[in-house]
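Scroll down for the structure; my scribbles are underneath it.
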2 protein chains.
Amino acid sequence: MSERVATGESAEMYLKAICELMTTDPLVPISSLADRLGISVVSATEMVHRMRDQDLLEHKRYKGVRLTEEGRRGALDIIRRHRLWERFLVDKLKLPWEVSHDLACQLEHATGAEVVEAMATFLGEPTHCPHGNPIPTPDGTMTFRPGLSLETLKPDENCIVLRIRPETNAALSYLASHGMMPGVQVIVKSINAFDHLWTLEIGGQEEILSKAMVSRVVVQLVDDPTEDQEVEKEHV
Amino acid sequence: MSERVATGESAEMYLKAICELMTTDPLVPISSLADRLGISVVSATEMVHRMRDQDLLEHKRYKGVRLTEEGRRGALDIIRRHRLWERFLVDKLKLPWEVSHDLACQLEHATGAEVVEAMATFLGEPTHCPHGNPIPTPDGTMTFRPGLSLETLKPDENCIVLRIRPETNAALSYLASHGMMPGVQVIVKSINAFDHLWTLEIGGQEEILSKAMVSRVVVQLVDDPTEDQEVEKEHV
DNA sequence: ACGAGTTATAAGGTTAACCTTATAATAAAT
DNA sequence: ATTTATTATAAGGTTAACCTTATAACTCGT
Ligand SMILES: [Mn+2]
Ligand SMILES: [Mn+2]
Ligand SMILES: [Mn+2]
Ligand SMILES: [Mn+2]
């Protein structure tokens with residue numbers, strides 16, 4: 001992941017946020033960015049200008065921002081650090097799934113390439129974070145496991161949770177408390193069109209979630225529910 | 001180690017520096033503090049006032065500063081975090097001895113009590129950092145292994161290195177390059193009184209070090225050199 | 001083609017940590 | 001007791017990141 005490109009914790013958080021928002025929107029409105037980072041639009045605009053001057057991003061006026069190649073590499077670098085720390089906190093320190101995200105958000109800014117790469121080796125070069133999201137490689141590649149949003153499913157459909165996205169502490173905690181985590185089997189029981197409530201069977205337990213929460217879950221379909229997870233039968 | 005007492009990375013570094021300097025001097029002159037932290041005396045004075053207002057330290061005018069009980073606990077908390085991270089970096093990530101200090105100096109500010117205590121458990125509750133210095137306990141105790149400064153020894157005396165102190169990256173790197181590290185056997189060959197150069201046998205190799213460097217090494221005497229380290233023969 | 005709503009900029013403030021230069025107060029040594 | 005060196009304070013600056021309020025520019029749906 002070479003040398004540190006962005007200076008300061010703030011810039012790193014901007015890079016990460018933009019990168020994540022770009023998966024939805026190729027051109028990220030500064031308002032979304034400000035919203036995500038919990039700062040004012042004016043402040044976000046100032047920061048965007050500073051980062052534009054450093055060639056970390058492009059800004060199309062009245063449209064939004066897009067990372068440059070340099071910005072993209074910086075963003076993936078930070079995301080790699082973040083997700084490796086999450087793995088460490090969960091796998092080695094046995095800290096809870098939901099808190100690992102926020103703790104990693106501190107650590108990600110305090111570690112250079114040497115430590116991160118040593119961490120990756122120590123952890124056995126993991127490919128995904130505890131929430132199912134891919135860990136970018138040192139050369140700047142990030143490949144998502146193909147999947148579809150749980151909100152596209154219909155009643156009686158059966159699936160396995162791949163990942164939660166985007167990751168925020170609040171959402172992770174909430175979903176975790178309902179048993180929703182990668183690897184768990186989910187069956188759609190019913191969908192209420194009026195108040196957008198989904199009744200799901202999550203790992204055998206019946207749970208009710210809002211459409212907003214359901215939309216953050218990416219899953220992999222299981223063709224026949226009676227056939228006991230054919231998808232998982234890949235020879236190791 | 002309870003709740004975070006100092007706010008900001010800077011205050012944490014001040015606490016740590018004062019605590020370390022207090023082992024030499026019960027009342028630390030602000031000039032020493034400024035020197036150690038590499039900032040101006042005026043800036044250090046400003047910061048000292050801010051910290052005095054937070055009851056982290058007392059300041060005797062024209063004499064120096066001393067940590068309050070609150071400040072002492074904060075300092076030991078940070079030193080604990082620092083030394084546990086050093087152990088992790090060296091033991092688990094196999095990073096070099098000399099660099100671990102600086103890397104830990106970043107990480108120490110990015111970790112709360114939950115992570116640190118989980119780390120301590122993960123590492124098997126180590127009692128000393130890789131440089132031989134004691135790791136404070138969560139309840140705020142720090143006990144040094146009894147030893148004497150290498151500079152108090154006379155020619156032909158034989159000893160085992162206990163620790164390097166104070167820890168700075170430059171000194172650690174330099175000493176490491178001469179084979180000087182905890183556990184190594186050192187024999188004083190000769191001392192040149194004019195230019196204060198010490199000729200030592202460090203782990204079998206003959207090396208020359210300045211008095212300034214020699215004074216940073218704390219050792220444990222080996223009574224009879226021919227008796228092949230009686231001190232090490234403690235039954236495990 | 002216009003007006004409502006979004007987006008950008010201008011202007012002025014705040015805070016924490018730093019800086020330098022200059023002056024005042026005090027301690028220590030002669 | 002006076003000089004010298006150390007220590008403290010005063011005054012004024014800088015930088016990065018934030019803030020609010022107000023105004024200007026633009027987009028888009030009708
Ligand atoms: Mn972060
Ligand atoms: Mn994650
Ligand atoms: Mn530090
Ligand atoms: Mn150490």
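Convention: sequence-line order gives letters A, B, ...; per-chain numbering from 1. As a basis for the values below, the full set of heavy atoms in this structure was taken, side chains included, without hydrogen atoms, waters or symmetry mates.
Among the nucleotides D:dT20, C:dT20, C:dA17, the one closest to any side-chain atom of B:M47 is C:dA17. Of the candidates C:dT21, C:dA25, C:dA28, C:dA28 carries the atom nearest the B:K63 side chain, counting heavy atoms from C-beta on.
A pairwise comparison of heavy atoms in B:P182 and B:R163 identifies CG-CA, 4.5 Å as the closest pair. Listed here is the closest heavy atom pair of B:V219 and B:V161: CG1-CA, 4.1 Å.
Between B:H49 and the phosphate of D:dT9, there is a side-chain N or O to OP1/OP2 separation shorter than 4.0 Å. For A:S40, no side-chain nitrogen or oxygen approaches OP1 or OP2 of D:dC18 to under 4.0 Å. Remark: B:H59 is in phosphate contact with D:dA8, judged by side-chain N or O atoms under 4.0 Å from OP1 or OP2. Taking only side-chain nitrogens and oxygens, A:S43 comes nearer than 4.0 Å to OP1 or OP2 of D:dC19. Proximity of A:R61 to the phosphate of C:dT9: a side-chain N or O atom is located under 4.0 Å from OP1 or OP2. Remark: B:R50 is in phosphate contact with C:dA17, judged by side-chain N or O atoms under 4.0 Å from OP1 or OP2. Side-chain N/O atoms of A:S10 include one lying less than 4.0 angstrom from OP1 or OP2 on D:dC18.
A heavy-atom distance below 4.5 Å is not found between the side chains of B:R145 and B:P134.
Screening B:V28, B:L15, B:V48 against B:L57 for a side chain to side chain contact (heavy atoms under 4.5 Å, CB included) leaves a single residue, B:V48.
Across the protein-nucleic acid pair, B:M51 atom CE and C:dA16 atom P stand 14 Å apart, rounded to whole Å. C:dA8 atom C1' lies 17 Å from atom NZ of A:K60, rounded to whole Å. With rounding to whole Å, A:L37 atom CG is found 8 Å from D:dC18 atom P. Here the P atom of nucleotide C:dG13 and the CD atom of A:E46 are 15 Å apart, to the nearest Å.
Shown for residues 21-36 of chain A: residues whose heavy atoms fall under 4.0 angstrom of DNA chain C, namely A:I30, A:S31.
Nearest-nucleotide assignment on DNA chain D puts the 5′-proximal partner with A:G38, out of A:G38 and A:Y62.
When the salt bridge (charged side-chain N to carboxylate O under 4.0 Å, His left out) test is applied to A:R165, no partner is found at least two apart in sequence or on another chain.
Counting any heavy atom pair closer than 4.0 Å across all strands shown, B:V41 reaches no nucleic acid atom.
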Quiz: residues 92-101 of chain B side-chain donor-acceptor pairs under 3.5 angstrom, not counting sequence neighbours:
unit_1	atom_1	unit_2	atom_2	d
B:K94	NZ	B:D91	O	2.9
B:W97	NE1	B:P130	O	2.8
B:S100	OG	B:W97	O	2.8
B:H101	ND1	B:H82	NE2	3.1
B:H101	ND1	B:E86	OE2	3.1
B:H101	ND1	B:E167	OE1	3.0
B:H101	NE2	B:E167	O	3.3

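Taking the six-membered ring where the residue is Trp, B:W85 and A:W85 present perpendicular rings, their angle passing 60° and hence far from 30°.
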